[in-house]
Amino acid sequence: MLHCLRSLVSLLIVAQLFGCAAPSRSEAPTSATGTWALAIHGGVGTLERSASAAEQQEYLDALRAALEEGRARLARGESALDVCEAVVRVLEDDPHFNAGRGAAFNEQGQHELDASIMDGSTLACGAVAGVRTVKNPISLARLVMERTSHVLLMGDGAEQFASTVGVERVENAWFDTEPRRRMLDEVLRERAATSATAPNTARASNYGTVGCVVLDREGRLAAATSTGGLTGKRWGRVGDSPIPGAGNYADRYAAISGTGTGEVFLRHQVAKSIAARMELAGESLERAAHEVVHEVMRPGDGGVIGVDSAGRLLASYNTEGMYRGFADAAGRFELRIFE
Ligand code: ASP
């Protein structure tokens with residue numbers, strides 16, 4: 001009897017201790033309704049700070065077209081998911097960025113594209129990896145989310161799915177652009193000279209992934225990310241962009257899209273870590289992103305854009321610059337590359 005009582009007391013103490021030590025989950029945020037906000041990015045690389053004003057202007061114009069598309073759609077009351085998809089399609093079609101047309105070449109001189117999209121209000125997500133003939137991978141990712149019971153389709157299976165849903169197809173060479181070809185030549189030359197076997201991730205010009213994060217008028221968050229991956233990557237390599245939680249993530253706390261060395265984003269589950277810090281430690285989006293980008297990741301690894309449930313927008317990066325844009329219902333419309 002005494003023995004039973006003692007065991008019970010110890011159990012209670014352990015339970016109490018555990019209860020005290022357990023992190024208290026911050027209350028689920030009430031999303032702002034009636035307002036809206038969006039951020040876009042076009043990667044953290046390609047241009048050096050010394051690039052001419054004309055070159056910088058080209059990128060700013062390309063970003064402006066995407067941001068305007070998103071702003072107009074949100075002002076009309078479209079959903080976060082629709083806006084994310086539409087904005088990323090604009091960026092995929094623009095050859096300046098490493099996604100869709102303008103995608104990086106792999107080491108075999110081919111393009112293998114990755115993309116994912118996520119609805120923060122339901123945690124529904126869809127993704128494709130290693131697709132070769134789909135003009136807008138982000139739209140195929142959305143169809144994986146909506147028309148299958150799966151999250152991620154890859155390679156031939158994704159291509160076959162694309163045939164059954166009738167998305168626009170192109171030859172692989174349609175994604176070719178001269179600047180990306182030159183980058184591949186450079187990477188392969190450098191690799192031959194140093195007998196390195198992996199992409200030089202210190203080369204910022206590798207990064208040009210595109211992404212969009214949105215809070216819509218109904219208070220729903222969504223994120224979308226699309227990429228050609230790293231220049232000179234191995235055939236079959238999959239990065240972070242199509243992996244929910246790594247390069248793309250949305251829940252009720254935040255929507256995050258990343259760009260940089262995919263392997264780092266995968267190891268640290270960068271996008272989910274930021275949202276988890278907000279949920280479990282009650283950190284602000286700004287604080288959580290800063291901690292992950294500057295304390296967990298290393299200089300040169302990349303960056304993220306994000307929006308929280310109140311419509312606060314953010315970009316945080318540990319590279320020289322990041323192509324980015326912000327717009328909201330209060331009239332903000334801002335494009336930036338460096339500072
Ligand atoms: N994160 C992408 C990847 O590793 C590259 C990029 O951001 O440009 O596939």
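Just so you know, ligand 1 is whichever comes first in the structure, and atom 1 is the first atom listed for that ligand.
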- Give yes if a backbone or side-chain nitrogen or oxygen of Gly239 is under 3.5 Å from a nitrogen or oxygen of ligand 1, and no if not. no
- With a cut-off of 4.0 Å, which atoms of ligand 1 are near a heavy atom of Gly260? 1 (N), 2 (C), 3 (C), 4 (O), 5 (C), 6 (C), 7 (O)
- Task: Pull out every atom of ligand 1 sitting under 4.0 Å from any heavy atom of Gly208, numbered as shown with elements.
- Result: 8 (O)
- Could you tell me whether Arg132 and Asp156 make a salt bridge, using a distance below 4.0 angstrom between a side-chain N and a carboxylate O? yes
- Taking every non-hydrogen atom, the tightest pair across Arg336 and Leu60: N-CD2, 4.3 Å
- Just distances here: any N/O of Gly258 and N/O of ligand 1 closer than 3.5 Å? no
- Message: Suppose I only count heavy atoms of Thr259 and a 4.0 Å limit; which atoms of ligand 1 are within that range?
- Response: 6 (C), 7 (O), 8 (O)
- Query: Is there a chain of hydrophobic side chains (I, L, V, M, F, W, Y, each step under 4.5 Å between heavy atoms) that links Val131 to Phe161?
  - Reply: yes
- Would you check if the distance from the ring center of Phe105 to the ring center of His111 is below 6.0 Å? yes
- Query: Backbone, side chain, both or neither: what part of Arg237 comes under 4.0 angstrom of ligand 1, heavy atoms only?
  - Reply: side chain
- Under 3.5 Å, N or O to N or O, is Asp240 touching ligand 1 that way? yes
- Message: Under a 3.5 Å threshold, yes or no: a donor from one side chain and an acceptor from the other, between Thr122 and Arg220?
- Response: no
- Less than 4.0 Å between a side-chain N and a carboxylate O, is that true for Arg169 and Glu159? yes
- Taking N or O atoms only and a 3.5 Å limit, does Thr261 qualify as a polar contact for ligand 1? no
